[in-house]
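Working notes for the structure below.
We name chains A, B, ... by the order of the sequence lines, and we start the count at 1 in each one.
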Amino acid sequence: MIGLVDCNNFYASCERVFRPDWEGRPLAVLSNNDGCVIARSNEAKELVEMGAPTFKIPPAARQQLILVSSNYTLYGDMSRRVTATLREFTPDVEIYSIDESFLGFDGFPLDGLIEHCCEMRRVVRRNTGIPVSVGLSTSRTLAKLANRRAKKDATFGGVCLMDSDGDETRAVLKDLPVTDLWGVSGRLGQRLAQLGIVNAWQLREADPKRIRARFSVVQERLVYELRGIDCIDTDDYGEPKKNIMTSRSFGRLSSDPHEVRQAIRAHAARGAEKLRKQGSVARAIQVHLKTNKHREDLAQYHPVLVVQLPHPSNDTRVIVGAAQAALKRVYLGGYRYMKAGVMMLDLAQADTLQHDIFDSPESDAERERSAKASAVMDELNRRMGSGTVRLGGTKGKADWKLKAELLTQRYTTRWDELPVAHLK
DNA sequence: TGGGAAACT
DNA sequence: AGTTTCC
């Protein structure tokens with residue numbers, strides 16, 4: 001059996017753990033830059049759409065809503081706590097996202113499994129304050145559907161087991177539009193509809209070979225998954241990323257070349273850090289800038305430039321230098337930039353990399369020096385807080401930083417931001 | 001008017 | 001390189 005544990009309204013729930021006075025009230029969490037709504041408590045769902053731009057929230061709704069900036073330090077730590085509790089209930093925990101984990105229950109007797117998961121749910125709630133729902137079935141896709149039923153229908157008590165066969169499963173699948181399935185959205189849904197496949201049951205009964213021929217191996221797997229056959233390959237969980245992007249909107253529009261350069265240098269430095277963390281080197285990087293496409297009154301410019309690095313590298317100085325050089329080639333004055341980003345491309349594992357056979361001994365020495373310098377920097381930043389050691393021209397607290405005007409405390413990771421209880 | 005990653009086309 | 005999909 002496979003379980004899918006999904007935290008209910010995760011970000012909103014994290015915010016409420018330390019603000020019991022927000023219990024039962026409509027609460028929405030805003031994106032980076034306070035730009036749009038990215039999470040809602042149940043009470044907020046009738047007041048505001050997911051993804052709604054903050055400035056478009058009607059005043060009437062806004063008055064009732066508690067709005068907060070996203071507090072990723074808090075959510076990341078709460079997520080870690082939830083996962084730690086899940087591990088007490090099965091050793092096989094596969095983190096799928098910040099608020100979802102797949103659990104393997106191989107070897108667990110089917111008999112007490114639901115009760116086991118109910119207990120898990122209670123303990124997660126007790127340990128972390130976060131409510132979760134559990135879906136159980138024999139494939140990830142069905143576990144996900146079971147989870148959704150557990151969420152929707154309170155009579156399940158938060159845990160729903162869906163058989164891979166039987167009348168009930170059949171009824172559920174018949175009732176489910178294909179576009180509600182994991183991995184099927186608008187476009188694919190339209191193409192499936194052309195074959196007369198509009199609900200999940202029809203897809204389950206389709207000929208996998210035919211589906212593979214018309215679509216791809218991913219959709220073929222989906223057919224098997226709907227039949228309860230586990231066939232999503234999870235070997236690539238925990239594998240190093242194949243590319244790494246760091247990008248961010250400016251808090252406002254910027255036409256200051258120094259500011260743009262600072263941002264690009266900081267993103268590049270962050271990218272190099274991420275490379276080292278997963279033991280990769282990049283063979284190329286990409287730099288991009290964007291103006292605000294919503295502002296039709298302003299001139300638009302969206303340059304993208306890929307540059308090959310002379311040697312694969314994860315050295316902050318090399319990456320930052322290359323990014324800045326790339327920026328220099330595409331930057332044009334006179335535009336008001338909205339966003340800047342740097343991507344690490346064509347990644348390879350640092351330790352298995354075939355060194356350039358024309359490399360001289362000096363460059364070997366240089367490579368070692370560079371690795372040492374980076375390691376010291378990473379260690380200092382890990383121990384003393386990120387941003388303690390930076391390359392010049394990558395200001396940490398810069399003007400181009402995000403807007404987050406409604407930030408809550410980092411209750412669980414900062415001594416000076418601990419929650420305080422007032423006793424009467 | 002989010003940010004990040006992957007796979008497909 | 002752009003699009004689609006996920007969270």
Starting at atom [atom1] of [X], determine the distance to atom [atom2] of [N], rounded to an integer number of angstrom.
X        : N     : atom1 : atom2 : value
A:Asn71  : B:dG3 : CG    : C1'   : 16 Å
A:His288 : B:dA5 : NE2   : C1'   : 13 Å
A:Asn243 : B:dC8 : CG    : C1'   : 14 Å
A:Tyr75  : B:dG2 : OH    : P     : 16 Å
A:Leu347 : B:dA5 : CG    : P     : 10 Å
A:Arg248 : B:dT1 : CZ    : C1'   : 16 Å
A:Tyr337 : B:dT1 : OH    : P     : 16 Å
A:Leu30  : B:dT1 : CG    : P     : 13 Å

*Can you tell me how far C1' in C:dT5 sits from the matching atom in B:dG2, rounded to whole Å?*
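That atom pair is separated by 16 Å.
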Can you confirm whether [X] sits close enough to [Y] that some side-chain heavy atom of one is under 4.5 Å from a side-chain heavy atom of the other?
X        : Y        : result
A:Val132 : A:Leu86  : no
A:Gln278 : A:Leu347 : yes
A:Leu226 : A:Leu181 : yes
A:Tyr411 : A:Thr73  : no
A:Tyr337 : A:Leu332 : yes
A:Ile98  : A:Tyr11  : yes

Side chain of [X] - closest among [options]:
X        : options             : value
A:Ile38  : B:dG2, B:dT1, B:dA7 : B:dG2
A:Met245 : B:dG2, B:dT9, B:dA5 : B:dA5
A:Lys242 : B:dG4, B:dA7, B:dG2 : B:dA7
A:Val306 : C:dA1, B:dC8, B:dG3 : C:dA1

_On DNA chain B, does the nearest nucleotide to A:Thr54 precede the nearest nucleotide to A:Lys241 from the 5' side, or the other way round? Give the residue._
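Going by which nucleotide is closer to the 5' end, it is A:Thr54.
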*Nearest-nucleotide wise, let me know which of A:Ser31 and A:Met343 is further upstream toward the 5' end of DNA chain B.*
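The answer here is A:Ser31.
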*How would you label the contact of A:Thr246 with the nucleic acid (heavy atoms, under 4.0 Å): base, sugar-phosphate, or nothing?*
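It contacts sugar-phosphate atoms only.
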*Would you kindly check if the NZ (Lys) or CZ (Arg) of A:Arg191 is within the cone defined by 45 degrees around the ring axis of A:Phe215 and under 6.0 Å from the six-membered ring centre?*
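Judged by the rule, A:Arg191 and A:Phe215 form no cation-pi pair.
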Listed pairs, N/O of protein and of nucleotides 5-7 of chain C, under 3.5 Å:
{"unit_1": "C:dT5", "atom_1": "OP1", "unit_2": "A:Ser185", "atom_2": "O", "d": "3.4"}
{"unit_1": "C:dT5", "atom_1": "OP1", "unit_2": "A:Arg187", "atom_2": "N", "d": "3.3"}
{"unit_1": "C:dT5", "atom_1": "OP1", "unit_2": "A:Leu188", "atom_2": "N", "d": "3.4"}
{"unit_1": "C:dC6", "atom_1": "OP1", "unit_2": "A:Gly183", "atom_2": "N", "d": "3.0"}
{"unit_1": "C:dC6", "atom_1": "OP1", "unit_2": "A:Val184", "atom_2": "N", "d": "3.3"}
{"unit_1": "C:dC6", "atom_1": "OP1", "unit_2": "A:Val184", "atom_2": "O", "d": "3.4"}
{"unit_1": "C:dC7", "atom_1": "OP1", "unit_2": "A:Lys144", "atom_2": "NZ", "d": "2.6"}
{"unit_1": "C:dC7", "atom_1": "O3'", "unit_2": "A:Ser97", "atom_2": "OG", "d": "2.9"}
{"unit_1": "C:dC7", "atom_1": "O3'", "unit_2": "A:Asp99", "atom_2": "OD1", "d": "3.2"}
{"unit_1": "C:dC7", "atom_1": "O3'", "unit_2": "A:Glu100", "atom_2": "OE2", "d": "3.4"}

Should the heavy atoms of other residues, nucleotides or ligands under 6.0 Å from [atom1] of [X] be counted, would the total exceed 12?
X        : atom1 : value
A:Arg122 : CZ    : yes
A:His258 : NE2   : no
A:Glu379 : CD    : yes

*For DNA chain B, find the residues of residues 289-305 of chain A with a heavy-atom distance under 4.0 Å and give them by number; none if there aren't any.*
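Hits under 4.0 Å, by residue number: A:Asn292, A:His294.
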_B:dT1 OP1/OP2 closer than 4.0 Å to side-chain N/O of A:Lys339_ =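 Looking at the OP1 and OP2 atoms of B:dT1, neither is under 4.0 Å from any side-chain N or O of A:Lys339.
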